[in-house]
Amino acid sequence: MKIKKLDTRGNIIIGTTAILITALLLISIFVITSINYIQDSNINSESNDNFKYIIDDYSANIEILGRTSIAEATQKIYNGLKISDSENQIMKNLNKNLEEKNKEFSEKYDIKISSETISVQPSSSPWKVLFKVKINGQKENEKFSQIIERNASIEGLRDPLPIAKLTILSGVMAYDDKIHYKTALSAYMLLHNLDSPESYIEATAPLTIKKCPYDPYIHHGDPNVLEDCLNKGYFHESADGSCYLCRLEGKGKCPHYGMEVFIQTHTPIDNETLSCSDHVVFADHYNGAKINPKDWDSLILDDSHRKKYGLVEEDEQ
């Protein structure tokens, strides 16, 4: 029996069929590969987002832990201990707090984090302290390594300067949100041969750091502003005052941009004596006089501070 040969038309049909089958196979492979790729991409994307969330969450804790570390240093002062290097003390506190946070994140997120405080510094604002922390994080194939900077607020913390300067052995006390100097300040003035130390017996000052909202400060000369400022116990920005880190070391002034607060006398004595800004009392030592000689609670200020706070009479300007 003689085999028939395919004609040209048959060859075309077979060839076309083979091409279609091959194309369908290639399309199927492409579709399957694309689906797998998309699924892998989604998994990777979710993994990246999750890792980023963990790192962001950790970084947000630096500000809180930094403030806690400052408060721990302040507590050390109020416990009667000295701090000669506040930056180093706070770094130690923060590293300890970060180590505890690292363990917490390891248990919560199954992530390995190591961190180290690089520096603790005064910031451009006297109300904040700048922290720099090196963070290394790893979760499966994801890695992170960066130096994070955060500012921690010192508002609401206790002022360490009076205790650090005079020590708790001097008799200075803190209660009712005030520093009560009792006889400690007058003894300090007597020791340094300063004028009229008796004027500062039973003097008081604010305990908690609160930023004065009356800015510019010349508005303290407006009706009722100074009275409200003294009642609320506000602190003020001052190029001559000391920053919080230096206040921890008992320094009345420092090279950083700092703050000042009024030490208020409660005496009928109207002798010329130290101007009542705390950097003057604890460091600069120059005199002022009562704004109102008849007022037992009147502030004692020098001319420059009177001008700064708008407390100069019109005929004096």
Side-chain angles (χ1 to χ4, degrees), residues 77 82-84 86 122 126 159-174 178-207 209 212 217 220 226 229-230 233-293 295-312 316:
I77 295 297
K82 282 282 190 180
I83 295 178
S84 58
S86 60
D159 182 10
L161 177 58
I163 307 296
K165 186 71 176 181
L166 301 176
T167 78
I168 57 174
L169 296 177
S170 67
V172 61
M173 302 177 72
K178 286 185 178 181
I179 294 289
H180 295 263
Y181 284 101
K182 303 298 182 179
T183 59
L185 198 51
S186 57
Y188 164 84
M189 293 174 63
L190 190 63
L191 182 64
H192 290 81
N193 297 315
L194 302 172
D195 293 337
S196 191
E198 64 277 8
S199 298
Y200 276 85
I201 295 176
E202 296 293 338
T204 60
L207 173 63
I209 304 288
C212 184
Y217 295 148
H220 283 69
L226 179 62
C229 177
L230 294 175
Y234 291 133
F235 285 66
H236 307 88
E237 294 186 17
S238 171
D240 297 318
S242 54
C243 71
Y244 197 88
L245 296 180
C246 289
R247 294 173 91 86
L248 283 165
E249 299 172 5
K251 297 176 180 176
K253 64 184 303 181
C254 69
H256 315 114
Y257 192 55
M259 65 188 77
E260 66 180 351
V261 70
F262 298 131
I263 298 176
Q264 193 169 0
T265 59
H266 309 283
T267 176
I269 301 172
D270 61 1
N271 297 338
E272 184 178 280
T273 185
L274 287 180
S275 184
C276 70
S277 173
D278 62 344
H279 72 83
V280 178
V281 172
F282 289 127
D284 292 320
H285 297 164
Y286 51 80
N287 286 351
K290 276 189 171 184
I291 297 174
N292 181 357
D295 183 1
W296 282 36
D297 298 326
S298 175
L299 292 182
I300 300 170
L301 292 176
D302 56 279
D303 289 343
S304 63
H305 277 92
R306 291 190 190 206
K307 290 178 181 177
K308 175 179 178 178
Y309 292 99
L311 300 172
V312 179
E316 296 181 68

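Start at 1 with the first residue, then count along the sequence. Quick caveat, the model's predicted, so the values are computed rather than measured.
Checked by atom type, the side-chain pair Glu202/His266 shows no donor-acceptor distance below 3.5 Å. Judged by distance alone, the side chains of Ser304 and Asp302 do bring a donor and an acceptor atom under 3.5 Å apart. His236 and His305 share no side-chain donor-acceptor pair at under 3.5 Å.
With contacts defined as side-chain heavy-atom distances shorter than 4.5 Å, the pair Ile163/Val172 qualifies. The closest side-chain heavy-atom distance from Ile291 to Leu301 is below 4.5 Å. With a 4.5 Å cut-off on side-chain heavy atoms, Tyr181 and Thr265 do not count as touching. The shortest side-chain heavy-atom distance between Thr267 and Glu198 does not fall under the 4.5 Å cut-off. With contacts defined as side-chain heavy-atom distances shorter than 4.5 Å, the pair Ser238/Lys308 qualifies. Between Leu248 and Ile77 the shortest side-chain heavy-atom distance falls below 4.5 Å. Looking only at side-chain heavy atoms (C-beta outward), Leu194 and His285 come within less than 4.5 Å of each other. Residues Leu226 and Tyr309 are not in side-chain contact: their nearest non-hydrogen atoms beyond the backbone lie 4.5 Å or more apart.
Heavy-atom minimum distance, Ser196 versus Met189: O-CE, 3.9 Å. Nearest heavy atoms, His256 versus Cys243: ND1-SG, 3.5 Å. Contact detail for Ser186 and Ile201: the closest heavy-atom pair is OG-CG1, 3.6 Å. The minimum heavy-atom distance between His279 and Gly241, with the atom names listed, is CB-CA, 3.9 Å. Considering all non-hydrogen atoms of both residues, Ile179 and Leu207 come closest at CD1-CD1, 3.6 Å. Residues Leu161 and Lys251 approach most closely at CD1-O, 3.6 Å, considering heavy atoms.
A side-chain donor-acceptor contact under 3.5 Å links Ser86 to the backbone of Leu245. Between the Thr273 side chain and the Asp195 main chain, a donor and an acceptor come within less than 3.5 Å of each other. Of the possible donor and acceptor atoms, none in the side chain of Asp284 sits under 3.5 Å from a partner among the backbone N and O of Tyr286. Distance alone, capped at 3.5 Å, places no donor-acceptor pair between the Tyr200 side chain and the Tyr188 backbone.
Atom CG of residue Leu274 and atom CD1 of residue Ile300 lie 8.5 Å apart, to the nearest 0.5 angstrom. Considering NE2 of His220 and OH of Tyr234, their distance stands at 9.5 Å, rounded to 0.5 Å. The SG atom of Cys229 lies 8.5 Å from the CG atom of Leu299; values are rounded to the nearest 0.5 Å. Note: Leu166 CG to Ile168 CD1 = 12.0 Å, rounded to the nearest 0.5 Å. Distance check, rounded to the nearest 0.5 Å: SG of Cys254 to CZ of Arg247 gives 9.0 Å. Within the model, atoms NE2 of His192 and CZ of Phe282 stand 10.5 Å from one another, a figure rounded to the nearest 0.5 Å.
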Handout entry: Check against side-chain contact (heavy atoms from CB on, under 4.5 Å), Met259 and Ile209
Key = CA-CA 10 Å; Met259 65 188 77; Ile209 304 288; 3.9 Å; yes
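Ionic pairing of Lys165 and Asp278 is not present here: no N-O contact between side-chain nitrogen and carboxylate oxygen is shorter than 4.0 angstrom. Between Asp295 and Lys290 there is no salt bridge, since no side-chain nitrogen of the basic residue lies less than 4.0 Å from a carboxylate oxygen of the acidic one.
Taking the six-membered ring for Trp and the full ring otherwise, Phe235 and Tyr244 have centroids separated by 6.0 Å or more.
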